[in-house]
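What follows is a short report on a single structure.
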Amino acid sequence: MALVVQKFGGTSVANIERIRNVAQRVAKTYDQGNDVVVILSAMSGVTDSLISLAQQAAEDPDKRELDALLATGEQTTITLLAMMLISMGYKAQSMLGHQIEVVTDSDYGNARIIEINSKRLQQLLEKKNIVVVAGFQGYDMKGNITTLGRGGSDTSGVAIAAALKADVCEIYTDVDGVYTADPNICPKARKLKTITYDEMLNMASLGAKVLQIRSVGFAKKYNIPVHVRSSFNEEEGTMVVSEDSGMEQLIVSGVTHDKKQARVTLTKVPDQPGIAAKVFSPISEAGIIVDMIIQNTRKEGKTDMTFTVPKGDYKRALEISKKVAQQVGAEEVLGDNNIAMVSVIGVGMKNHSGVASVMFNTLARENINIMMIGTSEIRISCVIEEKYTELAVRVLHTAFGLDAEE
Ligand code: ASP
Ligand code: MG
């Protein structure tokens, strides 16, 4: 017997039929002798339409009221599921965030969980209830309803699993696991059996949209195994686990791509102490997040500085950089928003040399020019021309032995 937390996303509870499927799956897990806590999202599209209603009600909706509104989406699905389970003969109860005391800070729309009082949940479980909890919501010290940011019910699921010291947190979604690359552009991508928290953190930040990034950090901190799987079939998905869990280790577990970055270069910047601070302070003050930075030293006491910013902030970053260039006496500002970042990710890199050279040689063979390179302990990223993204992902996927068998 185990304590299983099952979280179902918006597409899994999109209508009554699908909620009935969820009820069946939950009941089955319970019938196998497990304690079950279910976390639900709102029906898919509901949170978006609530936001749109709020925008029609007021130009800049009050944040406290907006969170109280958005939290209603989950109230619908948990009560419907609880009713179904009860009518099927099970003991079940729905629970809102404040009822199980999910305490958060007061950052409306993006609140962080501070603590969860697991007592109430435990009491319900001891009485053999299936507990159905609203994801995405909590309340602050003053009792105001808060929400955890879009996709936040993943974090609710993992946080509740952590508070209860659950054996596993299953995240049911509309994909059947984590893939070695985006299957839409890499037909030979295959589903991973396991992936580490750190790999997942790197993948998520690079665009693999499977879990809310915050939930992975939570899972890592409390060492909660997370099973990402499909709610539409019975197949095993991908286990997100710690590095020392004895999993089979690939050198590279995935190839990701990100077309959402643009590049800015300041040429012939005087090479002096304090220059980087002068260039990047105004950018960060404007709330623009810089990802990769490269500085090349030239001969005559000058340096070129290149960095990437989100495409949406590209124009602003260019304008700011032009002002800065004038102030510091740089030659010119160049920009390029037809770039993409391709990355290979794998904890196995820590113990293997040569990953970078395989990556560079593979790109070179296809005549793909590398404009920037960035590395971390478990990731190597190259900035290339956007039009080569798909090709680069496919050849790297093959080069690192990730292709699915025919
Ligand atoms: N319903 C919320 C959203 O759409 C939370 C979630 O689905 O995870 O963002
Ligand atoms: Mg989601």
Side-chain angles (χ1 to χ4, degrees), residues 175 178-190 199-210 213 252-267 279-280 283-284 286-296 304-322 325 332-346 355-376 378-400 402-403:
V175 296
V178 182
Y179 277 72
T180 49
D182 179 350
N184 293 317
I185 68 167
C186 183
K188 289 182 178 158
R190 62 183 166 84
E199 287 170 334
M200 196 61 199
L201 286 167
N202 273 274
M203 298 240 186
S205 62
L206 292 172
K209 285 259 161 63
V210 187
I213 186 92
V252 166
S253 301
V255 181
T256 65
H257 65 283
D258 177 5
K259 294 185 178 181
K260 296 200 190 91
Q261 301 273 319
R263 179 171 70 119
V264 177
T265 303
L266 282 79
T267 64
V279 172
F280 292 108
I283 302 260
S284 82
I288 299 175
I289 294 169
V290 172
D291 186 349
M292 210 189 269
I293 302 176
I294 288 188
Q295 177 175 332
N296 314 58
D304 292 344
M305 274 182 187
T306 304
F307 54 93
T308 62
V309 295
K311 275 199 169 102
D313 294 325
Y314 174 59
K315 279 217 177 94
R316 275 198 310 144
L318 269 186
E319 277 160 28
I320 295 170
S321 301
K322 280 182 184 152
E332 59 177 337
V333 177
L334 308 170
D336 184 355
N337 65 1
N338 294 312
I339 62 160
M341 200 186 292
V342 289
S343 306
V344 301
I345 293 148
V355 174
S357 71
V358 170
M359 183 171 193
F360 304 153
N361 279 309
T362 304
L363 295 176
R365 260 200 307 278
E366 301 296 331
N367 255 322
I368 300 172
N369 186 38
I370 301 170
M371 302 185 226
M372 299 173 80
I373 299 165
T375 63
S376 80
I378 65 162
R379 168 166 76 107
I380 305 172
S381 303
C382 293
V383 172
I384 60 171
E385 261 185 87
E386 184 173 350
K387 64 178 181 193
Y388 294 125
T389 314
E390 286 76 11
L391 175 63
V393 170
R394 282 186 214 129
V395 294
L396 290 170
H397 197 267
T398 305
F400 286 104
L402 294 174
D403 287 355

Is it true that, when you exclude K188 itself, more than 12 heavy atoms of the residues, nucleotides or ligands shown sit nearer than 6.0 Å to its NZ? no

Could you tell me whether E366 and R394 make a salt bridge, using a distance below 4.0 angstrom between a side-chain N and a carboxylate O? no

Nearest heavy atoms of [X] and [Y], plus distance in Å:
X: L266; Y: S321; result: CD1-CB, 4.0 Å
X: V355; Y: I380; result: CG1-CD1, 3.8 Å
X: A286; Y: R316; result: O-NH1, 3.1 Å
X: L318; Y: V333; result: CD2-CG1, 3.7 Å
X: A262; Y: I339; result: C-CD1, 3.6 Å

What do the steps show when you test D336 against L334 for side-chain contact (heavy atoms from CB on, under 4.5 Å), and what is the final call? CA-CA 7 Å; D336 184 355; L334 308 170; over 6 Å; no

With sequence neighbours left out, the residues meeting salt bridge (charged side-chain N to carboxylate O under 4.0 Å, His left out) with K322 are none

Could you list the residues that satisfy salt bridge (charged side-chain N to carboxylate O under 4.0 Å, His left out) with D182, not counting sequence neighbours? none

Begin with the C-alpha distance, continue with both residues' side-chain angles, and end with the deciding distance and a verdict on side-chain contact (heavy atoms from CB on, under 4.5 Å) for H397 and D403. CA-CA 6 Å; H397 197 267; D403 287 355; 2.5 Å; yes

Do any N or O atoms from the side chain of T180 and from the backbone of R190 form a donor-acceptor pair under 3.5 angstrom? yes

Side chain of T306, backbone of I294: donor and acceptor closer than 3.5 Å? no

Pick one: which of I345, V210, V255 meets side chain to side chain contact (heavy atoms under 4.5 Å, CB included) with M203? I345

Going from [atom1] on [X] to [atom2] on [Y], what distance comes out if it is rounded to the nearest 0.5 angstrom?
X: M292; Y: C382; atom1: CE; atom2: SG; result: 7.5 Å
X: D291; Y: S381; atom1: CG; atom2: OG; result: 7.5 Å
X: L391; Y: L396; atom1: CG; atom2: CG; result: 9.0 Å

In residues 358-365, what donor-acceptor pairs under 3.5 Å come from side-chain atoms, sequence neighbours left out?
unit_1: N361; atom_1: ND2; unit_2: S357; atom_2: O; d: 3.0
unit_1: T362; atom_1: OG1; unit_2: V358; atom_2: O; d: 2.5

Verify side-chain contact (heavy atoms from CB on, under 4.5 Å) between V178 and M200, making sure each step is shown before the conclusion. CA-CA 9 Å; V178 182; M200 196 61 199; 4.0 Å; yes

